[in-house]
Structure formats: C-alpha cells, structure tokens
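First up is the structure itself, then whatever we jot down about it.
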Amino acid sequence: MAHIAFIGLGVMGGPIAGHLAKAGHQLTVYNRSIGKAKSWAEVYGGAVAVSPAKAAEFADIVISCVGTDDDLAQIALGRDGVFRVMKPGGLFIDHTTVSARIARQLFVEGESLGLHCVDAPVSGGQAGAENGRLSIMCGGTEPAVDAAKIVMQAYAARIVHVGGAGAGQTTKMVNQICIGGVIQGLAEALRFAQAAELNLDKVFEAISGGAAQSWQMDNRWKTMTQDSFDFGFAVDWMRKDLGLALEEARANGATLPVTALIDQFYADVQAMSGSRQDTSALVRRITRA
C-alpha cells in the first residue's frame, strides 16, 4: 500500500480519495477549504495537511483533482507546491481537466526533478467517481502510466494510455466535443418531438434501441422532458472544457465550428441563470412550440 498525498476534495476528488482510503492506502489530504478536508478525514481517516507541500512531504504518490490551470500550477509549482518536496522517483497523477499546455509543462518540470508525471483526466461524472467506475485517459511515459494504474484501479472502470504528455488532456477535449454535440442533437430532437405532439415515452422506447441511442439519451431524455437539471456536470464546467478544446484547436490547426457554436449556446444558458445546472440544460434555450 502506498503513502498518497491527495490534493483537492471536491465532488470528484472527495469520492476518488475515499476509494483509495478504502483500498488500504495511507492518505494525507489537502483542500483549499480546510473544513472540507477535516470532514473527509472524519469519514475516511488519514491526515489533514495545511498546504500541498505538507501533504506531499512523505508521500510516494501525489494525486491532484483541482479546478483550473492556475490552481494546478499553484499546487504543483507554487511556493507551497508539491514539486518542492517530492523526492526523485515520485509519481504525480493529475485528474484535473486542464489545458494540454500545462500538462506538458508539468511533465517537463517534473522530469527535470526526476519525477514521473501522468495527466489523467476522467470521465463519468460525480456518479462515476462515487461508484468507482470512472474512465481515465492517460498521457505520459509507459512506466509512469503503468505505475499509476496500480492505484487508479481502485476507482476506475477503464484506464487507457493514450500517448505522451498532454495526450490525456487532448483526449478529454475529444470527449467533451462529442458530448456537446450529442446533447445539442438530443435537445433539438426533443423539442421537435414536442412540437409534433408525440408521446415522448414512446419516442424514447422506439429510438433508444437503435442507432440514435447514447448515454445522454438513456440518462437525460426523461429529465430533460421534466425540465430537471439539478444534477450532473455543470454548464460552467462544460464551458471551461469547451474553451480548452477551442484553444487547443487554434494551436493545432483543427476546425471546430459546431463546438464553437455550442459553446455560445451554453453561454445563453448561463445568461438564463443556468450556470450550475447540468449540461442537458442546453434544451432550455430552444423555445417550446
């Protein structure tokens, strides 16, 4: 069992760290809100640190799940960052969805210190984290990813080594591009069915077993018909992720016209006070017939 420092105990990080504790690993946790860290420790045990560096001081592995590029840079490279105290040979796994640029930067910085870094964004949402059924897309060297898999299997249903540093993050961008397109199609189809005065339950029964079927259809069709959006992955987070994809596309020359349009549609939902609603709230901007 490893000594793990876990940084970031939000809706994803908290359950992930919990699975590691249940698997028998020794955890020291840090969260910007220390009250959340103390509450986590009351449930799962382990130690609470007052800074990322203090959490990582004696750790074999550091795992982070924070919010943005700036958050990640701060906890890794800042004055109280984990890279200041990690020993050569240590493993740094990041589950934050961030830019490929910061993932590559951390890889280079870590390599200069003898550290092994894996960018490992996740898919599966809060339910996947809580149930230990996340899909994890990994960027980094083969030895580093192989070492990371040993601990990540405690909370993952699928772990794929996609490529070198940054490849995990760019794969997560692919994931979000796909999700945005599917939800927009689902929203338009639902409003079309309503305008045609069809029985929505029968429509779902008819089409969900064929080529139109998707996870979004199975899990969001009914709640979208009920205008229920108080769960799942928030619109604010999706806009952040689509912004990362659009930024990377400008760098690699890809063209993402539909993604850019859907990003603006999500801006409309934000303007409708939907920032914290589930991404399926995209249907709100299409007026009912």
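Atom set for the values below is all heavy atoms of this structure, side chains included, hydrogens, waters and symmetry mates excluded.
V11 is connected to V122 through a chain of hydrophobic side-chain contacts under 4.5 Å among Ile, Leu, Val, Met, Phe, Trp and Tyr, so both are in one cluster. Taken together through direct or relayed side-chain contacts under 4.5 Å among Ile, Leu, Val, Met, Phe, Trp and Tyr, V82 and L27 form parts of separate hydrophobic clusters. Hydrophobic clustering (side-chain heavy atoms under 4.5 Å, transitive across Ile, Leu, Val, Met, Phe, Trp, Tyr) keeps V85 apart from I4. Hydrophobic cluster membership is shared by I61 and V48, with clusters built from Ile, Leu, Val, Met, Phe, Trp and Tyr side chains linked at under 4.5 angstrom. Hydrophobic cluster membership is shared by F265 and L242, with clusters built from Ile, Leu, Val, Met, Phe, Trp and Tyr side chains linked at under 4.5 angstrom.
Smallest separation of non-hydrogen atoms from L282 and A187: C-CB, 4.5 Å. Of all the heavy atoms in G10 and P15, the pair that sits closest is O-CD, 3.7 Å. When all heavy atoms of R104 and A165 are compared, the closest pair comes out as CG-O, 3.7 Å. Across every non-hydrogen atom of C138 and V118, the tightest pair is CB-CG1, 4.0 Å. Residues M12 and C65 share a closest heavy-atom pair of CB-SG, 3.9 Å. The heavy-atom pair separating A17 from L9 by the smallest distance is CB-CD2, 3.9 Å.
Within a 6.0 Å sphere centred on CZ of R32, heavy atoms belonging to other residues, nucleotides or ligands number 12 at most. R133 CZ: 12 or fewer foreign heavy atoms inside a 6.0 Å radius. Counted within 6.0 Å of NZ on K240, heavy atoms from surrounding residues, nucleotides or ligands total more than 12; the atom is thus considered enclosed. Atom CD of Q226 sits in a crowded spot, with more than 12 heavy atoms from other residues, nucleotides or ligands closer than 6.0 Å.
In this structure, the salt bridge (charged side-chain N to carboxylate O under 4.0 Å, His left out) partners of D227, at least two apart in sequence or on a different chain, are R288. Scored by the salt bridge (charged side-chain N to carboxylate O under 4.0 Å, His left out) test, E142 finds no partners at all (sequence neighbours excluded).
A distance-only check finds a donor-acceptor pair linking the side chain of D119 to the backbone of G166 [under 3.5 Å]. Using modelled atom types, one side-chain atom of R191 and one backbone atom of V283 make a donor-acceptor pair closer than 3.5 Å. Under the 3.5 Å distance criterion, the side-chain polar atoms of W221 are left unmatched by any main-chain donor or acceptor of Q216. The closest donor-acceptor contact from the side chain of N131 to the backbone of A127 lies under 3.5 Å. With hydrogens and angles disregarded, a donor-acceptor distance shorter than 3.5 Å links the side chain of N199 to the backbone of K202. In this structure, the side chain of S51 does not engage the main chain of D80 through any donor-acceptor pair within 3.5 Å. Under the 3.5 Å distance criterion, the side-chain polar atoms of R84 are matched with a main-chain donor or acceptor of R79. The closest donor-acceptor contact from the side chain of Q169 to the backbone of T96 lies under 3.5 Å. Side chain of H25 to backbone of L20: no donor-acceptor contact under 3.5 angstrom is found.
Residues V235 and R276 have side chains not in contact (no heavy-atom distance under 4.5 Å, counting atoms from C-beta outward). Here the side chains of F204 and K222 are not in contact, with every heavy-atom distance at 4.5 Å or above. Here the side chains of S64 and L72 are in contact, with some heavy-atom distance below 4.5 Å. Residues I93 and V151 form a side-chain contact, since some pair of their non-hydrogen atoms from C-beta on lies under 4.5 Å apart. Looking only at side-chain heavy atoms (C-beta outward), L186 and M224 come within less than 4.5 Å of each other.
Atom OG1 of T225 sits about 7.0 Å away from atom CG of D201, to the nearest 0.5 Å. Remark: L77 CG to L106 CG distance equals 5.5 Å, nearest 0.5 Å. Here the CD1-CE distance, from I183 to M217, works out to 12.5 Å after rounding to the nearest 0.5 Å. Between Q184 atom CD and L261 atom CG the span is 7.0 Å, to the nearest 0.5 Å. Here the CD1 atom belonging to I177 is positioned 4.5 Å from the OG1 atom belonging to T259, to the nearest 0.5 angstrom. With rounding to the nearest 0.5 angstrom, the CD atom of E205 is 13.0 Å from the CG atom of L200.
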Show the numbers, then the answer: is there a salt bridge (charged side-chain N to carboxylate O under 4.0 Å, His left out) between D268 and R284?
CA-CA 9 Å; D268 293 341; R284 291 180 59 204; over 6 Å; no
Between K87 and D60, does the salt bridge (charged side-chain N to carboxylate O under 4.0 Å, His left out) criterion hold? Intermediate values first, please.
CA-CA 8 Å; K87 297 175 177 58; D60 308 303; over 6 Å; no
Given side-chain contact (heavy atoms from CB on, under 4.5 Å), test R101 with D69 step by step and report yes or no.
CA-CA 9 Å; R101 173 183 48 79; D69 281 29; 3.1 Å; yes
Steps toward side-chain contact (heavy atoms from CB on, under 4.5 Å) verdict (V160, M137):
CA-CA 5 Å; V160 179; M137 46 218 86; 5.6 Å; no
When you look at S33 and N31, which way does the side chain to side chain donor-acceptor pair (under 3.5 Å) test go after all the steps?
CA-CA 5 Å; S33 167; N31 195 74; 4.5 Å; no
Yes or no on side-chain contact (heavy atoms from CB on, under 4.5 Å) for W215 and V182, after CA distance, side-chain angles and deciding distance?
CA-CA 9 Å; W215 186 97; V182 169; over 6 Å; no
The test is side chain to side chain donor-acceptor pair (under 3.5 Å); show your working for D218 and Q213 and say whether it passes.
CA-CA 7 Å; D218 289 347; Q213 185 275 339; 2.6 Å; yes
Starting from the C-alpha separation in whole Å, work towards a yes-or-no answer on salt bridge (charged side-chain N to carboxylate O under 4.0 Å, His left out) for R220 and D278.
CA-CA 10 Å; R220 297 291 180 260; D278 177 77; 3.2 Å; yes
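Annotation: ring-ring contact (aromatic ring centres under 6.0 Å, His included) contacts involving residues 85-131, sequence neighbours excluded, comprise F83-F92, H95-Y155.
For the pair R239 and Y266, the cation-pi criterion (under 6.0 Å, within 45° of the ring axis) is not fulfilled.
Between the side chains of T68 and D70, no donor-acceptor pair of N or O atoms lies under 3.5 Å. With hydrogens and angles left out, the side-chain atoms of T97 and D241 include no donor and acceptor closer than 3.5 Å.
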